[in-house]
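What follows is a structure written as structure tokens; I'll ask about it next.
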Number of protein chains: 2
Amino acid sequence: MDATLRDDGVVEVGDDARQRFYDSRGYGRPLSGNRLALAPVEAAHLLWRGDLDAVDDMGFEAFLTDAADLLPFAVYRDLRERGFYLSPAREDWVADPTGADLVVFPRGMGPWDDDVAYRIRVCGERETVPAESLGDVTLAVVDEEGELTYLDTERTTAGGDAAPSTADLPEGVGASLEADRVIAWDPPAALYEAAFFGQRLGGRNADGGPLQLSLVEAAYLSRRGVIDVAESVVVARGREVEGDRFDRRLRAYAAMRTAGSIPKSGFKFGADFRCYDAFSGIDDMGHSDRLVRVVPADHTFLPRDLSLDVRLAGGVRKRMVFALTDATHGIDWLSVGRLTP
Amino acid sequence: MDATLRDDGVVEVGDDARQRFYDSRGYGRPLSGNRLALAPVEAAHLLWRGDLDAVDDMGFEAFLTDAADLLPFAVYRDLRERGFYLSPAREDWVADPTGADLVVFPRGMGPWDDDVAYRIRVCGERETVPAESLGDVTLAVVDEEGELTYLDTERTTAGGDAAPSTADLPEGVGASLEADRVIAWDPPAALYEAAFFGQRLGGRNADGGPLQLSLVEAAYLSRRGVIDVAESVVVARGREVEGDRFDRRLRAYAAMRTAGSIPKSGFKFGADFRCYDAFSGIDDMGHSDRLVRVVPADHTFLPRDLSLDVRLAGGVRKRMVFALTDATHGIDWLSVGRLTP
């Protein structure tokens, strides 16, 4: 079977290639006269399988080294082995190639169908990934030994549907700023028990007593007049101990409270917040639903850091969500989860 | 009961304080004439419990705000509640106060005994912690809402006892550098199956075929003459894609291999390496035992990052180990684990 690497990087194959490779197995795109155009990654895969002997005079090793890229090949091979037909995301080959390297069709479907199961972007573990470029692709990360991790990304919302409103809370509760937190010395029970602000100074088993509020909780409450410490004082202290990060965290915190979710410290999970999306009172608490990390709007991820966050969240059965914000405009919410295609 | 805050920060209590607080419950240190010296955190705890009414004219709130610190109090209270007697790590009060804030005695023991259960260092979640200051203390991290996480730290070794030697491997195996990895196109089976270098290009199910080696694996193998790519070429590429980090990782990798452990990519866990400390062949593999993150010798931890690593490692039942190295001198191995006192 003659196979030639054209100047435009496409491999053109003749004979019965269209029937053998496209019609029955979804490789490439038909050309006129029963010929077939293959992307380099597809040609590499056919060489790997022994379905093609050579492209020009290159066998698998020479072709992979000179004409194709190792990383897309590793991902293409893996997804084929999982039973998918897939297509390089070339202009004119797929409907929406932007931001994707490969388009995976649902099992049993192929390039002649319109459905798409996954839009895949291939990246090495050492490449940085701009947060704003995520949300409608699945990252296929190739680690330094060539193993694959699939991270599905999607846009989401501040979420939640059960958080109590601060409208029921009293105003002017006495509190004082102590280093990097605020203490309400004699708070009304509802502040903690019904609205889940703060933690008891006496620990989880304490029945009442003073409440420690984080600076984001305190800033949120003082803006609403619930505690008698001035918002400006709390925010100033927050910026002092956290810099710009405090403004971003406060913005995300307030957006989630307003959207009906209860964010609490995510420290034990190495995150900014753990969030209770359904909460009806402290006596009837389930597990939190999401872990949230707040990052600047122009943040770039290292795949290894993403892998760490997502693995931990998966292990405790929570969704991992990133809040992207510059603290003055809106917030983009990005959910990232591990995927087994 | 009279209680006075002295100029040196100690609270001096009279009456039957020695019997009530020291002899029966391990607070403070006896002074002459049946009087008792209390550290501020101890006095705060006695005020909190109502065992002391006031120090001078300060009740709990005033004393905690003006004369004691909130964070040590939160930790002291928690450990007392867990049934421990403990002592502030003041000069002359405990044998080895260096680097610790509180010394916890084994359950049933107290300051009149010589045994120590934990040496505790208190820190807020926003404080940075120099890596070199860890290894013989338990960090008690107080998060922004006042919840506690205990992280036990100890010095450890490169570890392992079952890794095969490279002495059994052939020399001069053909390989080539491809972007940020090395491929051995037709490797001897032992390289992967007996010594667990690389991953098969054909995936986990492949029976033989080319092997992808990470740059640290390749550098280690080329120094020993096992592959025919020059070590200098591999190291140069490593520095190109990772900078100094490559030298640190290579040093840790080589130390672990030499010590009888097999380090493989830790990417799926967000770490540098996962390590198999007992390994007898690819067909008989158990789970890896440790996750290793390599950091510069002068690294400072953010407690939140530590919490993330340790929580993830705990969730997959592995030990979290940090390799501290400047890549030219030795390596300090630091094991960090979550502790429930």
Side-chain angles (χ1 to χ4, degrees), chain A residues 48 60-61 64-65 69-71 73-74 77-78 81 124-126 141 143-149 176 178-181 183 185 198-205 209-210 212-217 241-242 264-272 303-312 315-316, chain B residues 48 60-61 64-65 69-71 73-74 77-78 81 124-126 141 143-149 176 178-181 183 185 198-205 209-210 212-217 241-242 264-272 303-312 315-316:
Chain A
W48 164 261
F60 170 70
E61 178 181 334
L64 186 68
T65 306
D69 290 321
L70 185 59
L71 269 46
F73 169 76
R77 182 201 56 67
D78 183 67
E81 215 163 79
E125 72 162 284
R126 297 185 176 99
V141 187
D143 76 21
E144 59 178 333
E145 291 169 1
E147 294 253 20
L148 303 179
T149 301
S176 60
E178 305 291 339
D180 63 352
R181 59 205 69 214
I183 298 188
W185 294 98
Q199 292 290 354
R200 282 174 171 149
L201 188 59
R204 285 180 176 269
N205 302 326
Q212 304 183 58
L213 300 165
S214 72
L215 291 172
V216 284
E217 288 179 320
V241 296
E242 282 187 13
K264 297 295 288 182
S265 166
F267 180 81
K268 281 181 197 295
F269 306 104
D272 285 301
R304 196 164 56 129
D305 294 338
L306 262 184
S307 179
L308 181 58
D309 277 339
V310 169
R311 175 80 185 216
L312 187 146
V316 292
Chain B
W48 164 261
F60 170 70
E61 178 181 334
L64 186 67
T65 306
D69 289 322
L70 185 58
L71 270 46
F73 169 76
R77 183 201 56 68
D78 182 67
E81 215 164 78
E125 72 162 282
R126 298 185 176 98
V141 187
D143 76 20
E144 59 177 333
E145 290 168 3
E147 293 254 21
L148 302 179
T149 300
S176 60
E178 305 291 339
D180 62 352
R181 60 205 69 214
I183 298 187
W185 294 97
Q199 292 290 354
R200 282 173 170 149
L201 188 57
R204 286 181 175 266
N205 301 325
Q212 303 183 58
L213 300 165
S214 72
L215 291 172
V216 284
E217 289 179 320
V241 296
E242 280 186 16
K264 298 295 288 183
S265 166
F267 179 80
K268 281 181 197 295
F269 305 104
D272 284 302
R304 196 164 57 127
D305 294 339
L306 261 184
S307 179
L308 181 59
D309 277 340
V310 168
R311 175 79 186 217
L312 187 145
V316 293

Inset, instruction - Tell me, for Arg204(A) versus chain B, whether the close heavy atoms (under 4.5 Å) come from the side chain, the backbone, both or neither. - result: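 Answer is side chain: those atoms of Arg204(A) sit under 4.5 Å from chain B.
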Legend entry - Heavy-atom contact with chain B under 4.5 Å, split by part of Asp272(A):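 Contact with chain B: backbone and side chain both.
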Inset, instruction - Search all heavy atoms of Arg181(A) against all heavy atoms of Leu70(B) and return the closest pair with its distance. - result: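 Taking Arg181(A) first and Leu70(B) second, the nearest heavy atoms are CD-CD2, 3.4 Å.
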Inset, instruction - Report the option among Glu144(A), Glu145(A), Arg311(A) that has the most heavy-atom pairs separated by less than 4.5 Å from atoms of chain B. - result: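 Among Glu144(A), Glu145(A), Arg311(A), the one with the most close pairs to chain B is Glu145(A).
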Inset, instruction - Side chain from CB out, backbone as N, CA, C, O: work out which of these in Leu148(A) comes under 4.5 Å of a heavy atom of chain B, or both, or neither. - result: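 The backbone, not the side chain.
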Inset, instruction - Among Pro303(A), Gly209(A), Ala179(A), Pro210(A), single out the residue with the greatest number of heavy-atom pairs under 4.5 Å to chain B. - result: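 Of the candidates given, the most pairs with chain B belong to Pro303(A).
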Legend entry - Expected output: side-chain Gln199(B) to main-chain Gly146(A) donor-acceptor under 3.5 Å: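 Judged by distance alone, no pair lies under 3.5 Å.
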Inset, instruction - Could you check which of Glu178(B), Glu125(B), Glu217(B), Glu147(B) has the highest count of heavy-atom pairs closer than 4.5 Å to chain A? - result: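 The candidate making the most pairs under 4.5 Å is Glu147(B).
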Legend entry - Distance, nearest 0.5 Å, that separates CG of Asp180(A) from CZ of Arg126(B):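 So the CG of Asp180(A) and the CZ of Arg126(B) are separated by 4.5 Å.
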Inset, instruction - Name the orientation class of the two ring planes belonging to Phe73(B) and Phe60(B) (parallel below 30°, tilted from 30 to 60°, perpendicular beyond 60°). - result: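 Tilted.
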Legend entry - Residue among Asp78(B), Val141(B), Asp305(B), Leu213(B) with most heavy-atom pairs under 4.5 Å to chain A: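 It is Val141(B).
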Legend entry - Proximity breakdown for Val316(A) and chain B, heavy-atom pairs closer than 4.5 Å: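 Contact with chain B involves the side chain of Val316(A) alone.
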Inset, instruction - Name the member of Arg200(A), Glu81(A), Glu242(A) that forms the most heavy-atom pairs with chain B at distances under 4.5 Å. - result: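 When all of Arg200(A), Glu81(A), Glu242(A) are compared, Glu242(A) has the most.
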Legend entry - Side-chain heavy-atom pair Leu308(B), Leu312(A) within 4.5 angstrom cut-off: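 A side-chain contact under 4.5 Å exists here.
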Legend entry - Least distance between heavy atoms, Ser265(A) atom then Asp143(B) atom: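 Residues Ser265(A) and Asp143(B), closest heavy atoms: OG-OD2, 3.2 Å.
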Inset, instruction - For Ser307(B) and Phe267(A), indicate whether the former's side chain and the latter's backbone hold a donor-acceptor pair under 3.5 Å. - result: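 Pair found, side chain donor or acceptor close to backbone of Phe267(A).
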